[in-house]
Each structure stands twice: as structure tokens, then as C-alpha cells.
There are 4 protein chains.
Amino acid sequence: MSRVVVAFHSGYGHTRSVAQAVKEGAASVPGVIAELLDVTQASEASWAALAAADAIVFGSPTYMGGASADFKKFADESAKVWFTQGWKNKVAGGFTCSLNMSGDKYSTLMYFVTLAMQHGMIWVGTGMMPPRQPGHPDEINRLGSSIGVMAQADNVPPDQSPPAGDIETARLYGKRIGEMSVKTGAA
Amino acid sequence: MSRVVVAFHSGYGHTRSVAQAVKEGAASVPGVIAELLDVTQASEASWAALAAADAIVFGSPTYMGGASADFKKFADESAKVWFTQGWKNKVAGGFTCSLNMSGDKYSTLMYFVTLAMQHGMIWVGTGMMPPRQPGHPDEINRLGSSIGVMAQADNVPPDQSPPAGDIETARLYGKRIGEMSVKTGAA
Amino acid sequence: MSRVVVAFHSGYGHTRSVAQAVKEGAASVPGVIAELLDVTQASEASWAALAAADAIVFGSPTYMGGASADFKKFADESAKVWFTQGWKNKVAGGFTCSLNMSGDKYSTLMYFVTLAMQHGMIWVGTGMMPPRQPGHPDEINRLGSSIGVMAQADNVPPDQSPPAGDIETARLYGKRIGEMSVKTGAA
Amino acid sequence: MSRVVVAFHSGYGHTRSVAQAVKEGAASVPGVIAELLDVTQASEASWAALAAADAIVFGSPTYMGGASADFKKFADESAKVWFTQGWKNKVAGGFTCSLNMSGDKYSTLMYFVTLAMQHGMIWVGTGMMPPRQPGHPDEINRLGSSIGVMAQADNVPPDQSPPAGDIETARLYGKRIGEMSVKTGAA
């Protein structure tokens, strides 16, 4: 079995919805077990799950132009793993969610790439083309992101936003991560 | 008088519309003269105008995740100015336009910041808050960008897109650049 | 008087040495008062000092490819100021320190730019040319950075590293920030 | 057989030396054929070779804070391939060379990541730990880069610089790209 861990922080639940969809997408791939890890609750068992994973997907809201402090605390704690390159050659991916259509989401995703590269991981982006109707709430990849998933949430409860398109984008991304996890693990 | 030069490349006219609005915004500030420079037409006179400018605003479509090759050619040619730090302490700003709501526009804007910093310039962003209705075509700063102006254009002629909100965003940004140009030049 | 606040986090003291040099450089400019703010000790008085500042310089080690979690916590807390754009048009700058010559220091500095732009600040880089002998410990700007100051410290106590060149680079950068603070405040 | 193409631009020959070392490293892996492609000489045959490749490594000097205009021209031309996602799931990597120890090399490498992600490729970084003696000319990964290879060259002929450590770093990176190419191709 290939194991995918979605390691995320969510402030108000919107990023958690995205994380859940990524997990479901990954778990839909035959031969893949996927789980969520809220990084603010990381225990010894969580670090063991990360060590056993074939793929790790990083997720965080974009706060003040970058990954949240809660996510960064987790990233800094991963320095212990970095010393032994314990995540080397695992598949990596990422997603972020914020109020704006664009804003600085790219900044957060590029930070995830940088973190993954320090760990010697292999980065997998969305592999998705732009939507036919940019920004339309039902479209796949409606914000046009290739590095990782960008979701946009209004200031309403997480059951109302991000819209269906963003959630489906996250699900398809999770599927891609799961497939890549199986593919690279098989070799 | 303070002089603002909007140095841009436009492939199909959409970025030119944004450039035009930035120029008009700058020119609306008392004491400011503003002009457009299509970087593919840069002559000796253009380089003299840049040398005499108090502010230079960089503009380009986002092609394949970054500023266009035509813009980059101009940036590379500015190495001659860089050797003598001829643009040192001038005000700098930037804008980009592409099909997607987000995509990699941040990448292009961050390149403009990097270029400006090599030239020892002072970077001025949009100074704009996020819109009330993210993405709405009539909103100011509808894509939620602070580093520089992000505009989004559909695959239709430039008189139809980018929408009114993006054009007005560019005009207000030009005004901010013009004001900052007067302010820093006065000291 | 112009007021410069150097808001930094330091894990082992190396970044603190750089912060101290930036502060001294700023304070050397006639008409400038400069102070250090360790962001892990930020009190109500600290936020008042930041509100009263003409320039804020951000500093952090580069941990796992970005600003430290302690710095990011401060950045996230600055969201309160962001809502009212309380730092708008202040001068901004930044510096970072890490073990490597290059590594991901640019990532940390670009994050500082992004943060400053969200706050509507004006970014001032080093304005320094590359050194004659790249990397030499006595050279000004030995790592060749223009966005902000990059310092490199070995795993030895902070009185031994970063080297003299990096400390002098930081001092000169502080001077530039101080001068720009006076210049923009006067207008 | 797995095919690796090193697609690079070099202004004065230093980046070519790095490209050559990446190619040799890749070719040293059993089952891998590697070739150089000077992007300023790209022919129809070159685009066919890229289409047939299992891995593409991008290389460029860092000019004025980013990939050279010559490289960007190639990147923009790759939009034709992008429309059909012809490079999807190929392995991608990158390297850059410039005068400074750090400078804006990260900016160039991050552009390569962004380009690769638009193409739906899988990014492979150096997977290398920092050196024991940062900056020392004989050290592997002496500049401490994980996203891709950073080389530093003085203003002397390419047979004198970049130093042995950078060339060996490039060779080892090519080897890693070759191995990853075999691994992902086998699945």
C-alpha cells in the first residue's frame, strides 16, 4: 500500500475542507491509504506516520502573505527529520486557501516547494490546465494554479465556501498525488 | 516636475490597456509628467527618458509563469545602466496581465521587485486592501494583490477585457506611483 | 526625529548581531532614533513603537527555507495593524542569516517584501553592488544580495560569526534605511 | 532507455560547463542517454528530442535577477507544447550560474520550478545536504541549494571557474536526475 499524509493547518475550517478533499481524492486511488494530520496536534505517532508515508501534502491558509505561523512551527520542527533526510524521495504537494482570488497564494505554495526541496522530496503540481471561465465557482482549477491547489474562501462558514469547483480541484489533486505515490513507490 | 515612465511589453494589447491606465493615473497627479515606453521599441531616446525619470513602472504579460521574453530582453539590456547604478533611488512599481485569476502573476511581480532591487530602486506596491467581492469585474484590486497590479484578461479584444475594475485599479496605482514620485523627489 | 525599529527574531544570537549592526547604522544618521525589537518579547509598548516608526526593518534566521515560526507569529499578529493599514507608507527593509552562503535566504527576504507590501510599506533594498571577491569574509555585500541583507554564520558563537564583512554590510544597510526614512518623512 | 535533455543557455561558457557536468552525470546512470540542447540553437529536431525525453533539465545564467532573455524566449516558445501538455509527468530539474555566491539565483531556480509546473512536470531538486565548509571551492553543494544547482563563476574563462566543487555538484545532480528518470519511467 502507498500512504499519503495530508499535513495541514486550518484557522477557521476552510483550509480543512480543502485538506479533506485532497485526502478523499488520494484515498480513491486503488492501493492508497490516506490520512489527515492537523499539524497543531502533531504527536509522536504523527511523526511516525509521516516517516512511513510515500507522499506528504502540505496545506495552510495564506496569512499575511505566507503559510501560517502554526504551519511554520511544524515546518521548523521538521528540521529533526531533515538532519537525517528522513523524507528523501517522498512525493510532495501543497495547497492553500485565502480570501483573495490571487493575493499571495503563490508565495505560500512556493514556500511549500522550498520546504519539500530541503527534505529532498519530489514535487508534484496540479497538472491542470486553466479553466474555460476563469474564476467561475464551479470550474476545476478556477484560479489557474499549477504549482499546487489555490482555493478561495469568502468570510462565511466552511460549508458555504470555498465553492464546489475548488473542492473538486482539491479532490482531483489528491487523486494525482495518490497515483504518483503508487507510481514512484513501485519503481 | 516629476517624471514617470511606464516601461511595458504587450503581446495582444491587454497589458497595453493596463499600462495606459497606469500612465493616466500618474499624469493625473499635479507636477507629474508620465509617458509610455513599449520596451520592444526602446531607442537611445527611451534610455535617456528612463535615466531622467523619477519613477519607472515595469509591465508585462505573464507568459509561461514569468515576465515575457520581450520584457526580459529589456531587463537584460538594463545591465548597462546597472553597472553605474543609474536608476538608484528611483521609485519602482509593476503590473502584469494574464488569462488566469491568479496563476503565476506573483512570479512576474516578484521578478520586477528583484530587478528593481538590483537597480537600487525603491519599490512601491498597490497599497490597496482586498475587495469586498473577490473577483468581481467592477471591484478595485479584485484579485487582491499588494506587490503590484494584477489584471486578468479573457481571450477577447483589449477593448472588452480586462474589465473596468482592473483598469481603474491600474489608474489608482499610477496615481500612487505619481504621488510617491513627487514625495521622494521633493526631499 | 525619524524613528527606525528593527523587528527581529534570533535563535542563537547570530541574527541578533546583524540586527544590532542594522540598528547602529540607522542610529548613525543625524535625526534618526533607532531601536531593537525582539519579536518574541513584543509587548503593547512594542506595537506602539512600531506604530510610531518611520521605518521598520524585519529580520529572521532562515529556518527550513523561510522566516522562522517565531517571526511568522509576529507577522501574523500584525494582521491587526493591517486591518487599519497602520504601517502604510512607512519604509521597510529586511535581513536574514543562515548557515549556507545562499540556500534559501532569498525566500525569506521575498517573504519580508510580501509582508511589507500587504502593509502598504515602501521597500528599500541594499543598494549595494556585488563584491570584488565573492564570498570573502571581509567584503561588503559578500553574498551579492540586493533585496535585503544576507548574512552567513557558521555553527560557532555569535562573537565569531557572521564575519566582519556581513556585520559592516548590515551597518551600511541600516544607514541607508535611516537616510531613506529621513528623506521620505521630510516630504 | 531513459532520455535526459539538458536545455540550457550560456552567455560566456560558464553555464555551459555546468550543463556539460549535469549531462555527464545523467549519462553515467545505466540505461540513460543524455544530451545537451543549447536553447538558442533549438531546431525542429530539438523539440522532437524534448518530446521524447523522460527528463528535461533547465539551465541559464542569472542575468538581472532571473533566467536570461535567451532562455525565456525558449520558455515562451514552449507554450506550443504546453497547449497539449506534451511534457506532462516528465522529470524536471534546473541549475543556474552567476557571479555572486547567492544573489538572485533562487529567483531563477524558482522560475524553472514554475515553468515545469505549468508543463505538469515532476520537480527533482538536489537532494543534497549543506557543505561542511560553506563556500569552499572544493565542496559539494558549497552554496547550500536544494531546489536545483547553484554555481558561482568569477569573471575568468570557463576553464578556471566555476570551481571543481560546483562542477562535481552538477555531475551528482545529473546522476540524481538520471536515476529518477529511470525510476519514474519504469513505473
Side-chain angles (χ1 to χ4, degrees), chain A residues 2 29 31 54-55 78-79 81-95 105-130 141 144-150 172-173 176-187, chain D residues 2 29 31 54-55 78-79 81-95 105-130 141 144-150 172-173 176-187:
Chain A
S2 266
V29 178
D54 297 283
S78 79
V81 179
W82 172 83
F83 274 109
T84 57
Q85 290 285 289
W87 293 353
K88 193 165 180 178
N89 295 342
K90 292 183 196 299
V91 165
F95 57 89
K105 289 190 229 282
Y106 177 103
S107 165
T108 302
L109 294 180
M110 267 305 175
Y111 173 66
F112 291 156
V113 172
T114 304
L115 174 64
M117 288 304 113
Q118 289 220 357
H119 280 294
M121 302 169 84
I122 311 301
W123 188 267
V124 174
T126 64
M128 294 173 193
M129 292 296 278
N141 194 25
S145 176
S146 53
I147 302 165
V149 171
M150 293 183 181
L172 291 171
Y173 183 54
R176 176 164 164 81
I177 293 284
E179 288 165 352
M180 208 57 79
S181 173
V182 169
K183 186 179 175 186
T184 58
Chain D
S2 266
V29 177
D54 297 283
S78 78
V81 180
W82 172 82
F83 274 108
T84 57
Q85 290 284 289
W87 294 351
K88 193 165 180 178
N89 294 344
K90 292 184 195 299
V91 166
F95 57 90
K105 288 190 230 280
Y106 177 103
S107 165
T108 301
L109 293 180
M110 267 305 175
Y111 173 66
F112 290 156
V113 172
T114 304
L115 174 64
M117 289 304 112
Q118 289 219 358
H119 280 294
M121 302 169 84
I122 310 301
W123 188 268
V124 175
T126 63
M128 294 173 193
M129 293 295 278
N141 193 25
S145 176
S146 53
I147 302 164
V149 170
M150 295 183 180
L172 290 171
Y173 183 53
R176 175 164 164 82
I177 293 284
E179 287 165 352
M180 208 57 79
S181 174
V182 169
K183 186 179 175 186
T184 58

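Owing to the predicted nature of the structure, the values given are computational and were not obtained by experimental measurement. Note on naming: letters A, B, ... go to the chains in the order of the sequence lines (proteins, then strands), and numbering restarts at 1 for each one.
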Nearest heavy-atom neighbours spanning D/Ser78 and D/Trp87: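 Closest approach of D/Ser78 to D/Trp87: CB-CH2, 3.9 Å.
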Residue, of A/His119, A/Lys88, A/Met121, that accumulates the most heavy atom pairs under 4.5 Å with chain D: A/Lys88
By side chain to side chain donor-acceptor pair (under 3.5 Å) - contacts of A/Ser107 (at least two apart): none
Region of [X] that comes under 4.5 Å of a non-hydrogen atom in chain A:
| X | answer |
| --- | --- |
| D/Gln85 | side chain |
| D/Met129 | side chain |
| D/Met128 | neither |

D/Val29 and D/Val182, any side-chain heavy atoms less than 4.5 Å apart: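 Of all side-chain heavy-atom pairs linking D/Val29 with D/Val182, at least one is under 4.5 Å.
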Max heavy-atom pair count under 4.5 Å with chain A, selected residue of D/Val124, D/Val91, D/Ile147: D/Ile147
Top contributor to chain A contacts, counting heavy-atom pairs under 4.5 Å, from D/Asn89, D/Thr126, D/Val113: D/Asn89
Contacts of type side chain to side chain contact (heavy atoms under 4.5 Å, CB included), residue A/Thr108, not counting sequence neighbours: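 A/Thr108: side chain to side chain contact (heavy atoms under 4.5 Å, CB included) contacts with A/Thr62, A/Ala67, A/Thr96, A/Phe112.
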Between NZ on residue A/Lys90 and OG on residue A/Ser2, distance to nearest 0.5 Å: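 Taking NZ in A/Lys90 and OG in A/Ser2, the distance rounds to 10.5 Å.
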